Amino acid sequence: TAGNKIFHFGACRVSMSMTEIRSGFTAIKANIQSRDPIRSLSILSHPHSLHKVKTSDRCCITHHLFDFYVDKVFKHCKTEDSFVNRKISSIANSFLSVRRRLGQCHEQNNCVCGEESTEKFNQILANYEGLNVTSAAMKSLGELDILLDWME
Amino acid sequence: EDALLPAPQNISIHSTNMKHFLTWSPVIVQGETVRYSVEFQGEYEREYANESWLPISECSLTTATGCNITEDISASVAYKLRVRAEVGATRSQWGTLKGFFNRVTTSLTPPLLKVTADGYHLLVELEDMGPAFQFRVLYWKKGQERRVQQKVMKEVRSVVHLDTMEAGADYCVKAQTHVEAINRSSSFSQTQCVRAQGDTSMWL
Amino acid sequence: SGELYCSLPNPRNVRFESLNMKNVLHWSAPEGTGDGVLYKVKYSVYGVGKWIRKPECRNINRTWCDLSSETSDYEEQYYASVKAFLNGMCSDWMETTRFNPLTDTKIDPPMVSISSTDKSISIILTAPEKWKRSPEEESISLLQVYPGLQYNVSVLNKKTKKRWFFSISNNTLVVPWLEPGTAYCVSAKIHVTTPLLDSGFSKEQCIATLKDK
C-alpha cells in the first residue's frame, strides 16, 4: 500500500498515513538525535519496552502517546533551522489528524485503558518529567521511530 | 510594515493531484523589484503553538507570484497561508488566503495509462503521479462486463503485467487513482481495449 | 585511571554498516597517522547507562568491528564508539549516530530460482535471512521482521526485448502462455513500504522455455 495503513487495536480501526510521518522524521532524525546528548535515558523504551505492552492495551497506549506528543512534545521542539521546523510542523499536523481518529475510538469505548497501560504511560511521563522540558521534548521527538516501529 | 506598499491581492490555491500551488497578483511599484515571502500555519500551530506561522524558505524574497507549497501541506488538516510584498526594507501587510486550505479538496484527474497486448499477456503502463498515489486498474474480457477484475498497483513508468488473456479475445482496461492519505479516488480513465494473439492482433 | 595523553587525531567517519542486520562498525584511521595505530571499541544500548567494551576488538589494527551479536535485538537502538592509540598517545572516543537496526539496515535481493515448461516459467523467491550468530541458530527470514515485504519481479523476453514487471506478496510466480523455445531473463527485488526499504535487483537469471513438442 502507499503506507496508509488500517491499524487494528481490538475493535478500534484507525487509518494512518505512516509513510508521510516516517519520511518527515527520517529527514530530520540525525539532526534531532544529535541534539540529545543523554545516552543513558530513554523516554519510551526503558525501563519498560513498548514491545511488552499487551495487545489489549495497545490502543490506549497509542492514544495516550499521540496526546503526549501533541500536547507536550512538539511545541517545545522549535529549532533555529527552518527546514527542521517545517518537518516538525508536518509531523505535528499529521499527529493531530491521527489523534482525532484515535479519540473517536476512545469515545466509542473501543480504546479501554487497563492498569498496565496506565502504569506504562505514567512511567513515560516520569521519564519525561525527569529532564528539563526542552531536553525532554527533543529526546521524545528523537525517539519517534521507536513509537513508529512499535506501531507497525 | 509600510502602508505605501499594498499587500498582495487575489491570493488563491490551485491544487491538483496532491500538488498545491499558492498564487497572487503582482504588486506594482514603478522602477522597483518587488519580492514576496510566504508563510503557512497548520491546525497544530493554531491550536497548540500560539498561532505561530512558518516561513517557506523556497518562497522567501521571491520575485515569482506563485509558490509550490506541496511539501509543507503534508497533513490532512486545515492550513492558513499568507503572503507579503517587500521592496528593500519596506514590507507590506500580510495578505492572507481567504478561509483555509485542506488537501482533501485537491482535484484528482484520471491517470494516463497505456494498455498493450504482448502475445497472450495483458500489460499496462501508468504515469508517475507521486508517492501518494496508487492505481486501481479494472479489466475485463469484452462481452463479459459483469466479470470485471481488479488490481491495485503502485508501480509506475514500467510495463506491468496484468493478466494472461484467452487466445484471440478482446480485453478492456480502465484505471483510477487512489490517494489513501485523503481516502479519495479520481474518476476512471478512458477505457482502452486490445486483442490477444491468436487472431490478427490489432488495436480496436 | 592513568589515561594516556589524548592528543592523537580522532578516528573518522565512525558508523554502522548493516546488511540483513549483520551490523559492523566501520571507521577511517585518524588523519595523518601511518601504520601502527591500534583501536578499541565500546558500545551501549540507547536508554541504558553502561558502555560495554568489546574484548574481541581491543588493541586491533583493523578499522572495523563486528557488533552483530551485541546489536541483534532490533527492538533496541545502539551507539558505538572507537578510540585510537599510537606511541603512547590516544584519541578521544568517537561515537556513531544512534543506530536503529530495523530502519538502518540494508537488505539483500531475494534468492531467485526458476524453472520452465514449454509455455511457462515458474519463479520461486526467498527473502534473505536475518544475520544469526551460528548456523545452528534458528533462521529468521526478513519476511518475519518486515511483514509488509513485497517482491518486484522483472521478466525480460530476450527475443522481443520486452520487459514486464510483476509485484507480488507471496513468494511464487508462474508466468503462463509464453512462447516456446524462447529465452526469458528474470530478476527480482524486495520492497518494504514502512519503514521504507528497497533491496537492489538480484542478478539476472535466464532460462528458455522448452521447444514446442
Side-chain angles (χ1 to χ4, degrees), chain A residues 1-8 15-53 94 123-124 127-128 130-131 136 138-152, chain C residues 13-16 18 21 42-53 67 70-82 92-106 130 142-152 167-169 191-198:
Chain A
T1 70
N4 212 63
K5 289 193 173 188
I6 307 288
F7 282 76
H8 297 258
S15 156
M16 296 186 204
S17 182
M18 299 306 280
T19 307
E20 287 175 323
I21 294 175
R22 269 241 189 235
S23 65
F25 177 71
T26 304
I28 58 173
K29 167 181 164 175
N31 183 299
I32 295 296
Q33 290 182 348
S34 68
R35 295 168 192 265
D36 172 16
I38 306 169
R39 308 283 189 261
S40 56
L41 187 140
S42 164
I43 304 289
L44 297 184
S45 56
H46 287 274
H48 307 306
S49 163
L50 283 173
H51 295 277
K52 303 288 188 295
V53 169
S94 293
Q123 173 67 59
I124 288 172
N127 291 346
Y128 187 84
L131 298 171
M138 208 49 93
K139 179 177 270 297
S140 303
L141 181 57
E143 293 186 8
L144 207 59
D145 54 350
I146 293 176
L147 172 59
L148 301 177
D149 292 349
W150 169 69
M151 286 177 67
E152 288 176 341
Chain C
N13 195 16
V14 182
R15 77 269 177 206
F16 275 98
S18 173
M21 293 194 184
K42 63 181 181 182
Y43 67 93
S44 75
V45 177
Y46 172 65
V48 176
K50 285 193 327 221
W51 281 99
I52 303 165
R53 300 292 169 101
L67 292 174
E70 292 77 12
T71 56
S72 63
D73 180 354
Y74 55 82
E75 288 176 357
E76 295 285 3
Q77 300 191 12
Y78 305 89
Y79 285 92
S81 194
V82 184
D92 297 329
W93 283 103
M94 293 306 289
E95 275 179 21
T96 63
T97 55
R98 195 178 305 170
F99 175 64
N100 178 348
L102 194 68
T103 58
D104 299 343
T105 196
K106 293 205 166 33
K130 177 181 183 288
L142 289 184
L143 197 54
Q144 296 163 256
V145 178
Y146 303 102
L149 184 148
Q150 287 190 311
Y151 301 101
N152 290 349
S167 175
I168 57 173
S169 301
H191 173 70
V192 179
T193 309
T194 51
L196 188 58
L197 291 171
D198 279 289

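None of the values given here were measured: they were computed from a predicted structure. Numbers restart at 1 for each chain; the letters A, B, ... are given by sequence-line order, proteins then strands.
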Using side-chain heavy atoms (C-beta onward) and a distance below 4.5 Å, is [X] in contact with [Y]?
{"X": "A:Ile146", "Y": "C:Gln77", "result": "yes"}
{"X": "C:Pro195", "Y": "A:Glu152", "result": "yes"}
{"X": "C:Thr97", "Y": "A:Gln33", "result": "no"}

Quick one: do C:Asp104 and A:Lys29 satisfy side-chain contact (heavy atoms from CB on, under 4.5 Å)? Show the steps, please. CA-CA 12 Å; C:Asp104 299 343; A:Lys29 167 181 164 175; 3.2 Å; yes
Stepwise side-chain contact (heavy atoms from CB on, under 4.5 Å) check, C:Glu76 with A:His46: CA-CA 10 Å; C:Glu76 295 285 3; A:His46 287 274; 2.9 Å; yes
Exercise: identify the closest heavy-atom pair between C:Tyr46 and A:Ile38: CE1-O, 3.8 Å
Nearest-0.5 Å distance, NZ of residue C:Lys50 to OG of residue A:Ser40: 12.5 Å
Going from OG1 on C:Thr194 to CE on A:Met151, what distance comes out if it is rounded to the nearest 0.5 angstrom? 10.0 Å
For A:Arg22, is it the side chain, the backbone, both, or neither that has a heavy atom closer than 4.5 Å to a heavy atom of chain C?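 For A:Arg22, the contact with chain C is made by the side chain alone.
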side-chain contact (heavy atoms from CB on, under 4.5 Å), that's the test. Do A:Phe25 and C:Thr103 meet it? Break it down for me. CA-CA 12 Å; A:Phe25 177 71; C:Thr103 58; over 6 Å; no
So which part of C:Tyr79 gets closer than 4.5 Å to some heavy atom of chain A, the side chain, the backbone, both or neither?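 It is the side chain, since no backbone atom gets that close.
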Under a 4.5 Å heavy-atom cutoff, which of A:Ser23, A:Gly142, A:Ser49, A:Ser42 has the most pairs with chain C?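 Looking at each of A:Ser23, A:Gly142, A:Ser49, A:Ser42 in turn, A:Ser42 comes out on top.
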